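Below you'll find the structure, written out as structure tokens, and then a few comments.
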Protein chains: 2
Amino acid sequence: MVGIPTLDDVARAAQVHPGTASRALNEETRSKVSPATVGRVLAAADRLGYTPNAVARGLRRQRSMTVGVLIPDLTNAIFPPIVRGIEESLSPRGFTAFVANTDNDDYRERRAFEAFRARQVDGFIFANARRDHGLIQEAFNLGIPSVLANRRTDKSLFPWVAGDDDDGVEQIVKHLVELGHTHVAHIAGPQNNSAGFARAESFRHFVKQHGLRELDCPVVIADAFDTESGGSATKQILHHFPAVTAIFAGNDMIAVGVLGALREAGVHCPVDMSVVGFNDMPLAKDLAPSLTTVAVSGQQLGAMAATLLLDEIAGVDRERTVLLPVELVVRESTAPPRVGALSLARQASAARE
Amino acid sequence: MVGIPTLDDVARAAQVHPGTASRALNEETRSKVSPATVGRVLAAADRLGYTPNAVARGLRRQRSMTVGVLIPDLTNAIFPPIVRGIEESLSPRGFTAFVANTDNDDYRERRAFEAFRARQVDGFIFANARRDHGLIQEAFNLGIPSVLANRRTDKSLFPWVAGDDDDGVEQIVKHLVELGHTHVAHIAGPQNNSAGFARAESFRHFVKQHGLRELDCPVVIADAFDTESGGSATKQILHHFPAVTAIFAGNDMIAVGVLGALREAGVHCPVDMSVVGFNDMPLAKDLAPSLTTVAVSGQQLGAMAATLLLDEIAGVDRERTVLLPVELVVRESTAPPRVGALSLARQASAARE
DNA sequence: CTGAAAGCGCTTACAG
DNA sequence: CTGAAAGCGCTTACAG
């Protein structure tokens, strides 16, 4: 026998009709075949090293057992664990994932979407949602089973899985207030991104609820969830809000940028400035100082998103929104504010205004 | 028209036979069809929003236009850029990637391999090679087109793309020697991994070539390319080799572990100890101190691996080994050794022996 | 230049 | 319980 064995090869070897071989090989239809025949077919399949051709099966069943995953930027440390979780959850149910980076670029995003559609994916996991997202709206109009991971659209189109940001932000604000901070700044992520938007909203809410004055708690919007944007936002804060003693960064990458800018400005973290991140990405604990942040299990998030999607594909009704528990991880980057006067560095920085 | 339009729908709308519609739609066969007919078919396809079913085409052509990518750990920051590069190179040629995490686990690895085979992938990119790798040997025996990315097997089975480690290590050793270091330690990655093995070999070679004494340049083998292993290896070095003034870490993650362990031991980097990493992963420049390391373009590496694979699939002969250029990026973590006596901290650390 | 037909490797109603 | 046949949506030699 040359080449990869097919069902016909197995049927011939087992001396049965291909239809019978197919039924014997398939768990769900096996009961329709006599045990003796099943035995012969299985033995033949085993002997030949037969693996069903998933492409042919997909064509016939009109189900590719394949899922498209759209990631905005795999280089952002929070997404790899999500991808892992997705695979973890897909694989035991016989599904496989196509993964594409979209780079927050409409063209690349659409290209990936269409390539995956042409490949007959049974559904999509979008980890790249913006609050107003044309492509996702389109997927909704086309009735394609989909789930949103991490970020969501303003309109409730598809089921959505994310960490409980509101709870995370409350824990952060509470932690800082308990340390004695009264002037806390927030560097928010882009506001067309639901995470950036929601965390900023929660921040404004909880800061007020914990008795801080709105004026003392400025929100600066970063251009992106990255270190550069975090750095330049920090410079703005140091310049315009010298009374601030704690910065809550919209995510860990922004926080890394904050730490860098503080170092550059000679502002010591945590003595002169506390810093909090969000996500607890892999290296957060290895930074100097190690980063206080809110942990969300990306793997769990991905796994849950995949589970919801598979249920949706199978026609099972499920909850539309899953908020995963989050946990504040206190490390070295937060401390009580320095009592009394501003540090020398902060004074100098303020004097330069 | 309900549901996704098929070729038959297009043919009917254009009033031609499906075979003709197929030829008109396909660039390579279009010249066999009269321009008028091509026009009608294209118009009909456009009007219906027709996209060819890649699964059906794959079945018929015996070519899925699909590639399997095996990544040992997507959470390791060097792999996401590689995946990006792979997609970058695949997509314009009409290919799409299945991606799986293997976690250096034989079982998961094999499961992914078989799932991808069942999906009729046209080839594999293995970024998870160990020097002696059963699964890759098996792929070779089966004659499956494949390319190794980053790591390789000892036996030359498939084409291989990687950074020029030997050159990178030479640049590192040269840099440290020029700074005045005479006692340099290397924390090598696992020796069943070609990168870990080759870098250690190169280190031993160049250290000698640059006139350092073998005895002064110990090599400690880390259990894994991660921070924990880097940390414990550092403790060993501080304990057993107090004269060492520079550590070359097998990769950046190990280097992060080194920095942490030094901080914990009160050894100042770079004043008391220089540290060099390898790979220039995304956060290397944001560490404190920022990390001197060797930059390899993961994206370029992935793109090249995909290109080699597609050529192999197309039956084009290509070079078997591509070494990409590397570049030493000097940052804050390296400096001349402190002259004269050991620092107090190092003395104390040595005294504790 | 176009049509008719076979076939890629499966699954699954339909008979018997 | 098993076989015969149709068909998923394409492509492509083969005629004409």
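The sequence lines fix the lettering, A, B, ..., with proteins before strands; numbering per chain opens at 1. It should be emphasised that the depicted structure is a prediction, and the values quoted were computed from it without experimental measurement.
- Here C:dG9 is the nucleotide among C:dG9, D:dG3, C:dG3 with the atom lying nearest to any side-chain atom of B:Leu59.
- Residue A:Leu7 places its side chain closer to C:dT11 than to any other of C:dG9, C:dT11, D:dT11.
- If B:Gln62 and B:Thr37 are placed on DNA chain C by their nearest nucleotide, the residue sitting closer to the 5' end is B:Thr37.
- Taking 4.0 angstrom as the limit, A:Thr20 places a side-chain polar atom (N or O) nearer than this to OP1 or OP2 of D:dG3.
- The base-pairing partner of C:dA4, taking Watson-Crick or G-U wobble contacts with both distances under 3.5 Å, does not exist among the strands shown.
- Residue contacts for A:Ser64: at a heavy-atom cut-off of 4.0 Å it reaches no nucleic acid atom on any strand shown.
- Ring centroid separation for the pair B:Phe158 and B:Phe124 does not come in under the 6.0 Å cut-off.
- Side-chain proximity of B:Arg23 to the nucleotides C:dC8, D:dC10, C:dA4 is greatest for C:dA4.
- Among D:dA5, C:dC14, D:dT11, the nucleotide with an atom closest to any side-chain atom of B:Arg61 is D:dT11.
- Distances shorter than 4.0 Å separate none of the side-chain N or O atoms of A:Thr6 from OP1 or OP2 on C:dG9.
- At a threshold of 4.0 angstrom between heavy atoms, the contacts of B:Arg60 include nucleobase atoms, whether or not backbone atoms are also involved.
- For B:Val16, taking side-chain heavy atoms from C-beta onward, the closest of the listed nucleotides C:dG3, D:dT11, D:dA4 is C:dG3.
- A salt bridge does not link A:Glu87 with B:Arg111: none of the charged nitrogens is closer than 4.0 Å to a carboxylate oxygen.
- When the options B:Thr153, B:Asp106, B:Asn193 are evaluated for a side-chain hydrogen bond (donor to acceptor under 3.5 Å, both in side chains) with B:Arg130, the one that passes is B:Asp106.
- OP1 or OP2 of D:dT11 lies within a sub-4.0 Å distance of a side-chain N or O belonging to B:Asn26.
- The shortest distance between the side-chain N/O atoms of B:Ser22 and the OP1/OP2 oxygens of D:dC10 is not below 4.0 Å.
- Between the NZ atom of A:Lys32 and the P atom of C:dT11 there is a distance of 13 Å, rounded to whole Å.
- In this structure D:dA13 sits in no base pair that meets the Watson-Crick or G-U test at under 3.5 Å.
- With rounding to whole Å, B:His17 atom NE2 is found 13 Å from D:dG9 atom C1'.
- Residue A:Ser34 is classed as a sugar-phosphate contact, given heavy-atom separations below 4.0 Å to backbone atoms only.
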